[in-house]
Amino acid sequence: MPGKRTDVVVIGSGVIGASVALELARRGWQVTVVDKAGGAGHGSTSASSAVVRFNFSTAAGVATAWEAHFGWRSWTEHLGRDVGPLARYVRCGMAMLDVDVAPRSVYLPLFQNAGIPFEEWTSADLSERILGIDVGRYWPPKRIDDDEFWAETETTLGAVYTPDAGFVNDPQLAAQNLAAAARAHGAEFRFHTSVRGIERAHGRVTAVTLADGSRIPCGVVVNAAGPWSTRINELASVGSDFTVGCRPLRQEVAHVAAPAGFGADNRAGICVADMDLGIYLRGEAGGGLLVGGTEPECDPLQWVDDPDAVTAHPTTAVFEAQVTRAARRLPALEIPNRARGVVGVYDVADDWTPIYDRTELDGFYVAMGTSGNQFKNAPVVGKFLAAIIEQTENGVDHDERPVRFVGEHTGLAIDLSAFSRKRPRGTENSGTVLG
(Lines give C-alpha, C1' and ligand atoms only; values in the text may rest on other atoms or scores of the structure.)
Protein backbone atom coordinates (compact mmCIF):
# COMPACT_ATOMS: atom_id res chain seq x y z
CA MET A 1 0.00 0.00 0.00
CA PRO A 2 1.58 3.32 -1.02
CA GLY A 3 2.06 6.02 1.58
CA LYS A 4 2.79 9.71 1.72
CA ARG A 5 6.50 10.39 1.37
CA THR A 6 8.42 12.21 4.07
CA ASP A 7 12.06 13.21 4.49
CA VAL A 8 12.53 11.64 7.92
CA VAL A 9 10.72 9.02 9.95
CA VAL A 10 11.42 9.22 13.68
CA ILE A 11 10.50 6.01 15.48
CA GLY A 12 9.47 6.85 19.04
CA SER A 13 7.79 9.91 20.53
CA GLY A 14 9.33 9.98 23.98
CA VAL A 15 11.18 13.05 25.15
CA ILE A 16 14.17 12.10 22.95
CA GLY A 17 12.21 11.31 19.78
CA ALA A 18 10.07 14.43 20.16
CA SER A 19 13.17 16.56 20.61
CA VAL A 20 14.74 15.09 17.48
CA ALA A 21 11.53 15.74 15.55
CA LEU A 22 11.42 19.37 16.69
CA GLU A 23 15.01 20.15 15.76
CA LEU A 24 14.75 18.52 12.32
CA ALA A 25 11.41 20.21 11.58
CA ARG A 26 12.90 23.56 12.60
CA ARG A 27 15.60 23.03 10.00
CA GLY A 28 13.07 22.46 7.25
CA TRP A 29 12.95 18.67 7.12
CA GLN A 30 9.58 17.04 6.54
CA VAL A 31 9.22 14.80 9.61
CA THR A 32 6.84 11.96 10.45
CA VAL A 33 6.95 10.45 13.93
CA VAL A 34 5.48 6.99 14.53
CA ASP A 35 4.84 5.44 17.93
CA LYS A 36 3.00 2.33 19.06
CA ALA A 37 1.74 4.17 22.16
CA GLY A 38 -1.24 6.47 22.30
CA GLY A 39 0.60 9.73 22.75
CA ALA A 40 3.92 11.50 23.16
CA GLY A 41 5.85 10.52 26.27
CA HIS A 42 3.71 7.49 27.11
CA GLY A 43 6.66 5.06 27.28
CA SER A 44 9.88 5.27 29.29
CA THR A 45 9.56 9.05 29.54
CA SER A 46 6.48 8.77 31.73
CA ALA A 47 8.43 6.65 34.23
CA SER A 48 11.37 9.06 34.48
CA SER A 49 12.15 10.85 37.71
CA ALA A 50 13.22 13.71 35.42
CA VAL A 51 16.17 14.72 37.60
CA VAL A 52 18.46 17.32 36.03
CA ARG A 53 22.01 16.90 37.34
CA PHE A 54 25.51 17.52 36.05
CA ASN A 55 27.43 14.70 37.73
CA PHE A 56 28.89 12.72 34.87
CA SER A 57 32.31 11.15 34.67
CA THR A 58 33.28 12.50 31.24
CA ALA A 59 33.78 16.01 29.89
CA ALA A 60 31.19 15.39 27.18
CA GLY A 61 28.63 14.16 29.70
CA VAL A 62 29.09 17.16 32.00
CA ALA A 63 29.07 19.69 29.16
CA THR A 64 25.94 18.14 27.62
CA ALA A 65 24.02 18.23 30.89
CA TRP A 66 25.06 21.80 31.64
CA GLU A 67 24.06 23.00 28.16
CA ALA A 68 20.75 21.12 28.30
CA HIS A 69 19.69 22.55 31.65
CA PHE A 70 19.51 26.03 30.14
CA GLY A 71 16.87 24.69 27.78
CA TRP A 72 14.78 23.52 30.72
CA ARG A 73 15.24 26.82 32.57
CA SER A 74 14.08 28.77 29.51
CA TRP A 75 11.55 26.21 28.33
CA THR A 76 9.21 28.66 26.59
CA GLU A 77 12.08 30.11 24.57
CA HIS A 78 13.42 26.64 23.80
CA LEU A 79 10.08 25.52 22.37
CA GLY A 80 9.65 28.75 20.41
CA ARG A 81 5.89 28.24 20.12
CA ASP A 82 2.80 28.64 22.27
CA VAL A 83 1.97 25.01 23.02
CA GLY A 84 -0.42 25.40 25.95
CA PRO A 85 0.34 24.26 29.52
CA LEU A 86 4.07 23.78 30.06
CA ALA A 87 6.24 21.42 32.03
CA ARG A 88 8.13 23.34 34.67
CA TYR A 89 11.74 23.20 35.80
CA VAL A 90 12.13 23.11 39.60
CA ARG A 91 15.57 24.37 40.65
CA CYS A 92 16.09 22.77 44.05
CA GLY A 93 19.78 21.85 43.93
CA MET A 94 21.42 18.46 44.32
CA ALA A 95 23.76 17.02 46.92
CA MET A 96 26.03 14.31 45.50
CA LEU A 97 27.12 12.34 48.55
CA ASP A 98 30.75 11.24 48.64
CA VAL A 99 31.42 7.76 47.32
CA ASP A 100 34.67 6.07 46.37
CA VAL A 101 33.39 4.87 42.99
CA ALA A 102 32.79 8.49 41.92
CA PRO A 103 35.18 10.67 43.91
CA ARG A 104 35.08 14.43 43.75
CA SER A 105 38.49 14.42 42.11
CA VAL A 106 36.91 12.90 38.97
CA TYR A 107 34.11 15.35 38.30
CA LEU A 108 35.01 18.63 40.04
CA PRO A 109 37.68 19.51 37.43
CA LEU A 110 34.99 18.89 34.80
CA PHE A 111 32.63 21.24 36.67
CA GLN A 112 35.35 23.88 36.80
CA ASN A 113 36.11 23.58 33.09
CA ALA A 114 32.41 23.87 32.23
CA GLY A 115 31.79 26.78 34.62
CA ILE A 116 29.26 24.91 36.78
CA PRO A 117 28.80 26.48 40.24
CA PHE A 118 29.27 24.06 43.13
CA GLU A 119 29.89 23.95 46.86
CA GLU A 120 31.99 21.36 48.69
CA TRP A 121 30.23 20.31 51.87
CA THR A 122 31.68 18.63 54.92
CA SER A 123 29.52 16.22 56.90
CA ALA A 124 28.68 19.13 59.22
CA ASP A 125 27.54 21.21 56.24
CA LEU A 126 25.43 18.30 55.01
CA SER A 127 23.73 17.96 58.41
CA GLU A 128 23.00 21.67 58.47
CA ARG A 129 21.62 21.93 54.93
CA ILE A 130 19.48 18.77 54.90
CA LEU A 131 17.76 18.53 58.27
CA GLY A 132 17.61 15.08 59.84
CA ILE A 133 20.03 13.43 57.44
CA ASP A 134 22.27 10.61 58.65
CA VAL A 135 25.78 11.45 57.42
CA GLY A 136 27.21 7.99 58.06
CA ARG A 137 29.33 6.33 55.39
CA TYR A 138 27.95 2.83 54.72
CA TRP A 139 29.68 1.83 51.49
CA PRO A 140 29.24 -0.56 49.80
CA PRO A 141 25.44 -0.77 49.47
CA LYS A 142 23.99 -3.91 51.02
CA ARG A 143 20.74 -5.82 50.88
CA ILE A 144 18.38 -4.91 53.69
CA ASP A 145 18.25 -8.56 54.81
CA ASP A 146 22.02 -8.45 55.35
CA ASP A 147 22.90 -7.93 59.03
CA GLU A 148 25.70 -5.61 57.97
CA PHE A 149 23.14 -3.21 56.50
CA TRP A 150 22.13 -2.31 60.04
CA ALA A 151 25.64 -2.04 61.43
CA GLU A 152 26.63 1.30 62.90
CA THR A 153 29.46 3.29 61.39
CA GLU A 154 31.96 5.70 62.84
CA THR A 155 32.91 7.32 59.55
CA THR A 156 31.00 10.13 57.89
CA LEU A 157 30.68 11.59 54.44
CA GLY A 158 30.21 15.01 52.91
CA ALA A 159 28.80 16.07 49.58
CA VAL A 160 29.18 18.30 46.56
CA TYR A 161 26.22 20.61 46.10
CA THR A 162 25.18 22.02 42.72
CA PRO A 163 22.57 24.75 43.26
CA ASP A 164 21.39 24.81 39.63
CA ALA A 165 20.33 21.15 39.56
CA GLY A 166 16.69 20.17 39.95
CA PHE A 167 13.93 18.31 38.15
CA VAL A 168 11.17 18.66 35.58
CA ASN A 169 7.81 18.44 37.33
CA ASP A 170 5.96 16.53 34.57
CA PRO A 171 8.15 14.48 32.20
CA GLN A 172 5.27 13.29 30.03
CA LEU A 173 4.05 16.87 29.56
CA ALA A 174 7.60 17.87 28.59
CA ALA A 175 7.51 15.34 25.74
CA GLN A 176 4.07 16.58 24.73
CA ASN A 177 5.37 20.16 24.70
CA LEU A 178 8.18 19.15 22.35
CA ALA A 179 5.76 17.25 20.12
CA ALA A 180 3.40 20.23 19.94
CA ALA A 181 6.27 22.54 19.00
CA ALA A 182 7.37 20.06 16.32
CA ARG A 183 3.83 19.97 14.93
CA ALA A 184 3.87 23.76 14.72
CA HIS A 185 6.85 23.36 12.39
CA GLY A 186 4.99 20.86 10.25
CA ALA A 187 5.91 17.50 11.83
CA GLU A 188 3.27 14.78 11.72
CA PHE A 189 2.72 12.37 14.62
CA ARG A 190 1.08 8.98 14.06
CA PHE A 191 0.21 7.10 17.27
CA HIS A 192 -0.98 3.50 17.75
CA THR A 193 1.38 2.79 14.85
CA SER A 194 3.83 -0.13 15.04
CA VAL A 195 6.83 -0.57 12.77
CA ARG A 196 7.10 -3.90 10.97
CA GLY A 197 10.13 -3.37 8.75
CA ILE A 198 12.79 -1.07 7.35
CA GLU A 199 13.15 -1.16 3.57
CA ARG A 200 16.49 -0.54 1.88
CA ALA A 201 17.98 -0.39 -1.59
CA HIS A 202 21.62 -0.07 -2.61
CA GLY A 203 22.73 0.24 1.01
CA ARG A 204 20.32 3.03 1.90
CA VAL A 205 17.01 3.38 3.75
CA THR A 206 14.05 3.75 1.39
CA ALA A 207 10.93 3.29 3.54
CA VAL A 208 9.42 2.24 6.84
CA THR A 209 6.72 -0.40 6.70
CA LEU A 210 3.98 -0.51 9.33
CA ALA A 211 2.00 -3.29 10.98
CA ASP A 212 -1.16 -2.31 9.09
CA GLY A 213 0.61 -3.04 5.79
CA SER A 214 1.19 0.58 4.81
CA ARG A 215 4.61 2.09 4.15
CA ILE A 216 6.20 5.50 4.51
CA PRO A 217 8.79 6.23 1.83
CA CYS A 218 11.70 8.24 3.27
CA GLY A 219 15.41 8.82 2.98
CA VAL A 220 16.24 9.06 6.69
CA VAL A 221 15.11 7.09 9.75
CA VAL A 222 15.93 7.93 13.37
CA ASN A 223 15.56 5.07 15.83
CA ALA A 224 14.49 6.64 19.13
CA ALA A 225 12.32 3.72 20.19
CA GLY A 226 13.55 3.43 23.78
CA PRO A 227 13.47 -0.16 25.08
CA TRP A 228 12.35 -1.33 21.62
CA SER A 229 15.37 0.28 19.92
CA THR A 230 17.39 -2.94 19.59
CA ARG A 231 14.41 -4.63 17.91
CA ILE A 232 14.18 -1.76 15.43
CA ASN A 233 17.90 -2.11 14.70
CA GLU A 234 17.32 -5.78 13.97
CA LEU A 235 14.57 -4.87 11.51
CA ALA A 236 17.08 -2.64 9.74
CA SER A 237 19.86 -5.27 9.95
CA VAL A 238 22.22 -2.80 11.64
CA GLY A 239 24.43 -3.16 14.67
CA SER A 240 27.23 -5.41 13.43
CA ASP A 241 29.80 -2.67 14.03
CA PHE A 242 28.47 -1.55 17.43
CA THR A 243 30.95 -1.97 20.28
CA VAL A 244 28.19 -1.15 22.78
CA GLY A 245 24.90 -2.97 23.13
CA CYS A 246 21.59 -1.92 24.66
CA ARG A 247 19.07 -3.95 26.66
CA PRO A 248 15.64 -3.28 28.19
CA LEU A 249 15.76 -2.96 31.99
CA ARG A 250 12.74 -2.93 34.29
CA GLN A 251 12.96 -0.14 36.86
CA GLU A 252 10.88 0.97 39.80
CA VAL A 253 10.69 4.34 41.51
CA ALA A 254 9.00 4.41 44.91
CA HIS A 255 6.71 7.26 45.94
CA VAL A 256 6.36 8.08 49.64
CA ALA A 257 5.66 11.04 51.89
CA ALA A 258 8.78 13.05 52.67
CA PRO A 259 9.74 13.32 56.35
CA ALA A 260 8.86 16.57 58.09
CA GLY A 261 11.37 19.31 57.38
CA PHE A 262 12.78 17.76 54.20
CA GLY A 263 11.34 20.59 52.11
CA ALA A 264 10.59 24.01 53.61
CA ASP A 265 7.44 26.06 52.91
CA ASN A 266 5.77 23.28 50.93
CA ARG A 267 8.64 23.26 48.41
CA ALA A 268 10.63 20.28 47.17
CA GLY A 269 13.75 19.54 49.19
CA ILE A 270 17.27 19.19 47.82
CA CYS A 271 17.77 16.19 45.54
CA VAL A 272 20.20 13.64 46.98
CA ALA A 273 22.38 11.30 44.90
CA ASP A 274 23.35 8.61 47.39
CA MET A 275 25.43 5.90 45.73
CA ASP A 276 26.80 5.11 49.19
CA LEU A 277 23.48 3.41 49.98
CA GLY A 278 22.46 2.78 46.36
CA ILE A 279 19.57 5.24 46.01
CA TYR A 280 18.60 8.74 44.95
CA LEU A 281 15.97 11.02 46.47
CA ARG A 282 13.89 13.60 44.65
CA GLY A 283 11.34 15.69 46.45
CA GLU A 284 8.08 17.07 45.15
CA ALA A 285 6.20 20.23 45.97
CA GLY A 286 3.54 19.35 48.51
CA GLY A 287 5.59 16.86 50.49
CA GLY A 288 6.12 13.88 48.20
CA LEU A 289 9.40 12.03 47.83
CA LEU A 290 10.57 9.84 44.94
CA VAL A 291 13.10 7.12 45.78
CA GLY A 292 14.97 5.37 43.00
CA GLY A 293 17.89 2.98 42.84
CA THR A 294 21.39 3.48 41.45
CA GLU A 295 21.86 -0.17 40.47
CA PRO A 296 24.17 -1.27 43.32
CA GLU A 297 25.95 -4.60 42.82
CA CYS A 298 23.98 -6.22 45.64
CA ASP A 299 20.71 -5.85 43.72
CA PRO A 300 19.98 -8.08 40.72
CA LEU A 301 19.17 -6.08 37.62
CA GLN A 302 15.79 -6.89 36.09
CA TRP A 303 16.73 -7.32 32.43
CA VAL A 304 13.74 -8.19 30.26
CA ASP A 305 13.35 -9.89 26.90
CA ASP A 306 10.00 -8.36 26.01
CA PRO A 307 9.27 -4.77 27.13
CA ASP A 308 5.59 -5.30 26.35
CA ALA A 309 5.34 -8.12 28.90
CA VAL A 310 6.52 -6.09 31.91
CA THR A 311 4.02 -5.69 34.72
CA ALA A 312 3.25 -2.07 35.57
CA HIS A 313 2.76 -2.71 39.28
CA PRO A 314 5.52 -1.99 41.83
CA THR A 315 6.78 -4.97 43.77
CA THR A 316 6.95 -5.16 47.55
CA ALA A 317 10.55 -6.38 47.62
CA VAL A 318 11.96 -3.55 45.50
CA PHE A 319 9.81 -0.94 47.24
CA GLU A 320 10.91 -2.06 50.70
CA ALA A 321 14.59 -2.17 49.71
CA GLN A 322 14.60 1.32 48.22
CA VAL A 323 12.52 2.97 50.92
CA THR A 324 14.37 1.23 53.76
CA ARG A 325 17.65 2.53 52.36
CA ALA A 326 16.09 5.98 52.15
CA ALA A 327 15.03 5.67 55.79
CA ARG A 328 18.61 4.78 56.70
CA ARG A 329 19.65 8.13 55.25
CA LEU A 330 16.57 10.03 56.51
CA PRO A 331 15.70 8.28 59.80
CA ALA A 332 12.43 10.22 60.19
CA LEU A 333 11.07 8.72 56.95
CA GLU A 334 8.13 6.40 57.53
CA ILE A 335 8.01 3.17 55.52
CA PRO A 336 4.47 2.46 54.27
CA ASN A 337 3.09 -1.06 54.33
CA ARG A 338 1.86 -0.84 50.76
CA ALA A 339 4.11 -0.44 47.73
CA ARG A 340 3.44 2.69 45.73
CA GLY A 341 5.36 4.07 42.78
CA VAL A 342 6.04 3.98 39.07
CA VAL A 343 7.34 1.09 36.96
CA GLY A 344 9.08 1.68 33.66
CA VAL A 345 11.33 -0.05 31.16
CA TYR A 346 14.61 1.70 30.39
CA ASP A 347 16.80 1.32 27.33
CA VAL A 348 20.23 0.87 28.91
CA ALA A 349 23.56 0.84 27.11
CA ASP A 350 26.24 -1.53 28.39
CA ASP A 351 28.25 1.39 29.78
CA TRP A 352 25.26 3.61 30.65
CA THR A 353 26.29 6.13 27.98
CA PRO A 354 23.85 6.68 25.10
CA ILE A 355 24.51 6.12 21.41
CA TYR A 356 23.83 9.17 19.24
CA ASP A 357 25.18 8.21 15.84
CA ARG A 358 24.80 7.08 12.27
CA THR A 359 24.91 3.36 11.44
CA GLU A 360 26.34 1.17 8.69
CA LEU A 361 23.05 1.60 6.78
CA ASP A 362 23.06 4.97 5.04
CA GLY A 363 20.21 7.15 6.25
CA PHE A 364 19.61 5.11 9.42
CA TYR A 365 20.49 6.90 12.67
CA VAL A 366 20.09 6.02 16.34
CA ALA A 367 19.34 7.82 19.58
CA MET A 368 19.35 4.81 21.90
CA GLY A 369 20.60 3.66 25.28
CA THR A 370 19.16 6.87 26.69
CA SER A 371 17.07 5.73 29.64
CA GLY A 372 18.16 6.24 33.22
CA ASN A 373 20.30 9.32 32.68
CA GLN A 374 19.37 11.15 29.48
CA PHE A 375 15.95 12.71 30.11
CA LYS A 376 17.84 15.73 31.42
CA ASN A 377 19.66 16.11 28.11
CA ALA A 378 16.60 16.05 25.85
CA PRO A 379 16.74 19.78 24.93
CA VAL A 380 20.16 19.29 23.36
CA VAL A 381 19.92 15.70 22.10
CA GLY A 382 17.63 16.75 19.26
CA LYS A 383 20.28 19.25 18.20
CA PHE A 384 22.96 16.54 18.37
CA LEU A 385 21.02 14.29 16.00
CA ALA A 386 20.15 17.14 13.65
CA ALA A 387 23.83 18.09 13.42
CA ILE A 388 24.94 14.49 12.84
CA ILE A 389 22.25 13.91 10.20
CA GLU A 390 22.89 17.13 8.32
CA GLN A 391 26.66 16.65 8.26
CA THR A 392 26.38 13.01 7.18
CA GLU A 393 23.73 13.63 4.54
CA ASN A 394 25.97 16.38 3.13
CA GLY A 395 28.70 13.83 2.55
CA VAL A 396 30.92 14.21 5.62
CA ASP A 397 31.72 10.89 7.33
CA HIS A 398 30.80 11.28 11.00
CA ASP A 399 32.96 8.25 11.83
CA GLU A 400 36.06 9.91 10.39
CA ARG A 401 35.17 13.52 11.23
CA PRO A 402 32.84 13.50 14.24
CA VAL A 403 30.58 16.49 14.73
CA ARG A 404 31.94 19.04 17.17
CA PHE A 405 28.85 20.60 18.68
CA VAL A 406 29.09 24.03 20.29
CA GLY A 407 26.42 24.83 22.88
CA GLU A 408 24.52 28.02 22.20
CA HIS A 409 24.03 28.72 25.91
CA THR A 410 27.45 27.76 27.27
CA GLY A 411 29.77 28.00 24.29
CA LEU A 412 31.18 24.62 25.29
CA ALA A 413 32.47 22.40 22.49
CA ILE A 414 31.25 18.79 22.72
CA ASP A 415 32.91 16.08 20.65
CA LEU A 416 30.02 13.82 19.67
CA SER A 417 32.36 10.87 19.16
CA ALA A 418 31.83 10.39 22.91
CA PHE A 419 28.42 8.94 21.94
CA SER A 420 29.67 6.86 19.02
CA ARG A 421 28.40 3.34 18.40
CA LYS A 422 32.07 2.37 17.90
CA ARG A 423 33.51 3.95 21.03
CA PRO A 424 36.01 2.06 23.18
CA ARG A 425 34.22 0.60 26.17
CA GLY A 426 35.10 1.37 29.77
CA THR A 427 37.95 3.78 29.07
CA GLU A 428 36.44 6.98 30.45
CA ASN A 429 32.94 6.70 31.81
CA SER A 430 32.06 5.26 35.19
CA GLY A 431 30.09 2.30 33.83
CA THR A 432 27.27 3.25 36.22
CA VAL A 433 24.04 5.23 35.89
CA LEU A 434 26.19 8.34 36.42
CA GLY A 435 27.51 7.85 32.90
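Basis for what follows: all heavy atoms, side chains included, without hydrogens, waters or symmetry-related copies. Here the structure is a predicted model, which is why all the values come from computation and not from measurement.
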*Side chains of Glu188 and Thr6: do they bring a donor and an acceptor to under 3.5 Å?*
no

*asked:* Just to verify, which of Val221, Asn223, Val208 counts as forming a side chain to side chain contact (heavy atoms under 4.5 Å, CB included) with Ile232?
replied: Asn223

_Any heavy-atom pair between the side chains of Val9 and Ile11 that's under 4.5 Å?_
yes

*Arg129 charged N/C atom sitting above Tyr161 aromatic ring, 6.0 Å / 45°*: yes

*Without swapping roles, check the side chain of Ser123 against the backbone of Thr156 for a donor-acceptor pair under 3.5 Å.*
no

*Among all residues two or more places apart in sequence or in another chain, which pass the side chain to side chain contact (heavy atoms under 4.5 Å, CB included) test with Pro379?*
Ala68, Trp72, Trp75, His78

_Steps toward side-chain contact (heavy atoms from CB on, under 4.5 Å) verdict (Val195, Val34)_ = CA-CA 8 Å; Val195 174; Val34 296; 3.8 Å; yes

*By ring pair (Phe, Tyr, Trp, His ring centres under 6.0 Å), which residues pair with Trp66, not counting sequence neighbours?*
Phe54, His69, Phe70

*Given Val15 and Leu178, is the side-chain contact (heavy atoms from CB on, under 4.5 Å) satisfied, shown in steps?*
CA-CA 7 Å; Val15 72; Leu178 289 164; 3.7 Å; yes

*asked:* Please check this pair: side chain of Ser214 against backbone of Leu210, looking for a donor-acceptor N/O pair closer than 3.5 Å.
replied: no

_Looking at Glu119, I'd like to know if its CD atom is crowded, meaning that more than 12 non-hydrogen atoms belonging to other residues, nucleotides or ligands lie closer than 6.0 Å._
yes

*asked:* Less than 4.5 Å apart, side chain to side chain, heavy atoms only: is that true for Val343 and Val310?
replied: yes

_Six-ring centre of Phe167, Arg282 cation under 6.0 angstrom, axis tolerance 45°_ = yes

_Nearest-0.5 Å distance, CZ of residue Phe419 to CD1 of residue Ile414_ = 7.0 Å

*asked:* I need the Glu67 CD to Thr64 OG1 distance, nearest 0.5 Å.
replied: 8.5 Å

*Residue among Asn233, Asp399, Thr359, Thr243 satisfying side chain to side chain donor-acceptor pair (under 3.5 Å) with Arg421*: Asp399

*Hey, does the side chain of Glu360 reach the backbone of Gly239 with a donor-acceptor pair shorter than 3.5 angstrom?*
yes

_Measuring from atom CG of Asp347 to atom CZ of Arg247, what distance do you get when rounded to the nearest 0.5 angstrom?_
11.5 Å

*Around atom CD of Gln112, are there more than 12 heavy atoms of other residues, nucleotides or ligands at under 6.0 Å?*
yes

*asked:* With a 3.5 Å distance limit and no angle check, can you tell me whether Asn373 reaches the backbone of Trp352 through a side-chain donor-acceptor pair?
replied: yes

*Ile389 CD1 to His398 NE2 distance, which is reported to the nearest 0.5 Å*: 10.5 Å

*asked:* Between the side chains of Arg325 and Asp274, is the shortest nitrogen-to-carboxylate-oxygen separation below 4.0 Å, so that they form an ion pair?
replied: no

_Looking at Asp308, I'd like to know if its CG atom is crowded, meaning that more than 12 non-hydrogen atoms belonging to other residues, nucleotides or ligands lie closer than 6.0 Å._
yes

*Would you please name every residue forming a side-chain hydrogen bond (donor to acceptor under 3.5 Å, both in side chains) with Asp100, sequence neighbours left out?*
none

*Does the side chain of Asp125 come under 3.5 Å of the side chain of Thr122 through a donor N or O and an acceptor N or O?*
yes

*Would a 4.5 Å heavy-atom cut-off, applied to side chains only, mark Thr32 and Val8 as touching?*
no

_Flag if over 12 foreign heavy atoms under 6.0 Å of CG, Asp145_ = yes

_Partner set under side-chain hydrogen bond (donor to acceptor under 3.5 Å, both in side chains) for Thr153, not counting sequence neighbours_ = Thr155

*Nearest heavy-atom pair of Thr370 and Pro354: which atoms, and what distance?*
CG2-CB, 4.1 Å

_Does either side chain, that of Thr45 or that of Gln172, offer a donor lying less than 3.5 Å from an acceptor on the other one?_
no

*Counting only N and O atoms by type, is there a donor-acceptor contact under 3.5 Å from the side chain of Ser44 to the main-chain atoms of Val345?*
yes

_Side-chain heavy-atom pair Val33, Val20 within 4.5 angstrom cut-off_ = no

*Taking the side chain from Ser19 and the backbone from Gly382, do they hold a donor-acceptor pair closer than 3.5 Å?*
yes

*Check whether any side-chain heavy atom of Arg104 sits under 4.5 Å from a side-chain heavy atom of Glu120, and report yes or no.*
yes

*Just by distance, do the side chain of Arg328 and the backbone of Phe149 share a donor-acceptor pair under 3.5 Å?*
yes

_Arg81 vs Arg183, test: side-chain contact (heavy atoms from CB on, under 4.5 Å). Steps then yes/no._
CA-CA 10 Å; Arg81 288 288 192 276; Arg183 284 194 192 94; over 6 Å; no

*Between the side chains of Ser49 and Tyr280, does any donor sit under 3.5 Å from an acceptor?*
yes

*Are any non-hydrogen side-chain atoms of Lys376 and Arg53 less than 4.5 angstrom apart?*
yes

*Could you tell me whether the side chain of Leu157 reaches within less than 4.5 Å of the side chain of Tyr138, counting heavy atoms only?*
no

*Short side-chain to backbone donor-acceptor contact, Asp146 and Lys142, under 3.5 Å*: no

*Work out which heavy atom in Ser371 is nearest to a heavy atom in Tyr346; give both atom names and the distance.*
CB-CB, 3.2 Å

*Identify the heavy atoms of Leu412 and Ala114 that sit nearest to each other, and give their distance.*
CD1-CB, 3.8 Å

*Indicate the atoms forming the closest heavy-atom contact of Leu289 with Pro259, along with that distance.*
CD2-CD, 4.4 Å

*Kindly say whether Ile144 contributes a backbone atom to a donor-acceptor pair with the side chain of Trp150 at under 3.5 angstrom?*
yes

*asked:* Check this for me: Arg231, atom CZ, are more than 12 non-hydrogen atoms of other residues, nucleotides or ligands nearer than 6.0 Å?
replied: yes

*Under-4.0 Å salt bridge between Asp276 and Arg329*: yes

*Could I get the full list of side-chain hydrogen bond (donor to acceptor under 3.5 Å, both in side chains) partners for Asp164, not counting sequence neighbours?*
Arg73, Arg91

*Taking the side chain from Arg423 and the backbone from Thr353, do they hold a donor-acceptor pair closer than 3.5 Å?*
yes

_So, taking the atom named OH in Tyr356 and the one named CD1 in Ile388, what distance separates them when rounded to the nearest 0.5 Å?_
9.5 Å

*Considering all heavy atoms of both residues, which atom of Arg143 and which atom of Asp299 are nearest to each other, and what is their separation?*
CG-OD1, 4.4 Å

_Euclidean distance, Leu281 CG relative to Ile130 CD1, rounded to 0.5 Å_ = 8.5 Å

*Taking the side chain as C-beta and beyond, is there a heavy-atom pair between Tyr365 and Asp357 under 4.5 Å?*
no

_Derivation and outcome, side-chain contact (heavy atoms from CB on, under 4.5 Å), residues Leu86 and Leu79_ = CA-CA 10 Å; Leu86 296 175; Leu79 296 171; 3.6 Å; yes

_Any residue meeting side-chain hydrogen bond (donor to acceptor under 3.5 Å, both in side chains) with Ser13, in chain and number order, not counting sequence neighbours_ = Asp35

*Centroid-centroid distance, Phe384 to Phe405, less than 6.0 Å*: yes

